[in-house]
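Quick notes on the structure that follows.
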Amino acid sequence: MSASSAPGSRITKAVIPAAGLGTRFLPATKATPKEMLPVVDKPAIQYVIEEAVTAGLSDILMITGRNKRPLEDHFDRNYELEEALRRKGDDARLDQVQASSELANIHYVRQGDPRGLGHAVLCAEEHVGEQPFAVLLGDDMMDPRDPLLTRMIDVQQRHGGSVVALMEVDRSQLHLYGCVAAAPNGDDDVVAVSGLVEKPRPADAPSNLAIIGRYVLDPRIFEVLRKTDPGRGGEIQLTDALQALAADPSLGGPVHGVVFRGRRYDTGDRADYLRAIVRLACEREDLGPDFRTWLRSYVQQEMPQGV
Ligand code: G1P
């Protein structure tokens, strides 16, 4: 085992693939990246970056593609806007505008051909180097009050190798996810993963544990990814590379899973996106009280019984 994958190698980098086309949100995403769609008043991607920063990862690499300029602009300074807010004396908004440009050290690389999640991660190789690193998928939003990534980093530091985030889902939903074969590993929320399959048919699913979009990966995954053939959907799948690791830990250490039991929103799905907005708006100190009052009366008056 190389020093890079030994338990305890420091983790400082996060990779965020953001080159997807966002077809589920057309026409909103025709000219706007899906990552920029607002959840209440912040773009979805900002929650994801805040999550990485909260877990101690302030070096962020975004894998982008065409049409992704607004992402770069959002996390950069906007002097004109800042000046206008300063002139108005609107300090609260000025702080918010500046906060997104000071969040983290953000770098960008373009994926070119979108050849799948595994290929997107491979684009991070040069930036990541020899350290274990996190991957956060922008469509999955974890409630900021339910820490997951910090726990995954702990587990990686303890066991080395790679760690995937898992969630129990209804079997009818498994075809939407990567799915794992796993065995308990002492801790209530940690499992040892012995096999992974991308978007299985119900009959082929080894468990009801689905991979949700957080990973902490051993850098030797790059070598495996380079040798991974296109899989499901003709794309290079990260799940397939992890399967190779699970089958032969000498390639890059073991694979563990952390079972998440907190609140997660799939902001790539329209209904779940709306749920995330309603939930977070209800809980906001500034908007919540009025919004909850309105929501209560809306449900009572305008939703017919039983619908
Ligand atoms: C990707 C992964 C899949 C994982 C999912 C989580 O799929 O390939 O294994 O379960 O993210 O959101 P996608 O949703 O990009 O098709």
Side-chain angles (χ1 to χ4, degrees), residues 14-25 29 33-35 37 39 44-45 47-48 51 62-65 111 113-124 134-143 148-149 152 162-182 191 193 195-202 204-217 221 224-225 228-246 255-260 262-273 275-276:
V15 173
I16 304 185
L21 294 175
T23 44
R24 286 191 281 178
F25 274 91
T29 48
K34 65 174 172 175
E35 293 80 7
L37 296 180
V39 176
I45 189 80
Y47 291 88
V48 177
E51 181 189 334
M62 264 202 242
I63 316 292
T64 64
Q111 190 178 357
D113 273 349
R115 289 165 52 205
L117 179 58
H119 177 247
V121 171
L122 198 46
C123 295
V135 174
L136 291 86
L137 303 190
D139 281 350
D140 284 290
M141 197 179 133
M142 308 306 160
D143 194 290
L148 166 64
L149 195 53
M152 293 174 71
S162 297
V163 180
V164 296
L166 301 171
M167 196 163 176
E168 286 181 20
V169 303
D170 195 273
R171 283 194 163 261
S172 65
Q173 298 299 301
L174 281 170
H175 67 282
L176 301 170
Y177 298 95
C179 179
V180 302
V191 291
V193 173
L196 302 89
V197 42
E198 180 68 6
K199 305 204 172 94
R201 285 177 307 186
D204 302 333
S207 73
N208 66 342
L209 287 171
I211 303 171
I212 51 174
R214 300 292 179 271
Y215 307 80
V216 179
L217 300 174
I221 191 124
V224 177
L225 277 169
T228 301
D229 291 327
R232 180 101 202 178
E235 298 189 334
I236 297 172
Q237 297 291 351
L238 181 58
T239 305
D240 293 345
L242 285 162
Q243 159 60 23
L245 291 178
V255 181
H256 287 87
V258 168
V259 182
F260 182 61
R263 288 155 283 195
R264 162 190 175 260
Y265 313 101
D266 175 2
T267 52
D269 173 78
R270 287 173 302 172
D272 224 21
Y273 171 76
R275 283 182 208 113

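For ligands, and for the atoms within them, numbers begin at 1 and follow the listed sequence.
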Checklist entry - Is a salt bridge present between R264 and D140, judged by a nitrogen-to-oxygen distance below 4.0 Å? => result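 Salt bridge flag = yes for D140 with R264.
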
Residues D139 and K34 bridged, charged N to O under 4.0 Å
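Yes, charged N to carboxylate O under 4.0 Å.
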
Is any side-chain heavy atom of V169 less than 4.5 Å from a side-chain heavy atom of L176?
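V169 does not reach L176 side chain to side chain.
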
(message) Taking F25's backbone N and O only, do any of them form a donor-acceptor pair with Y273's side chain (distance below 3.5 Å, no angle check)?
(response)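 Answer holds: no.
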
I236 CD1 to L122 CG distance, which is reported to the nearest 0.5 Å: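 Going from CD1 on I236 over to CG on L122, the span is 7.0 Å.
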
- Query: Any idea which residues sit under 4.0 Å from ligand 1, heavy-atom distances?
  - Reply: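 Shell around ligand 1 (4.0 Å, heavy atoms): L117, L137, D140, Y177, G178, E198, K199, I211, G213, Y215, Q237, T239.
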
- Query: Where is the tightest heavy-atom contact between V255 and L242, given as atom of each residue plus distance?
  - Reply: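 So the minimum-distance heavy-atom pair works out to CG2-O, 3.9 Å.
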
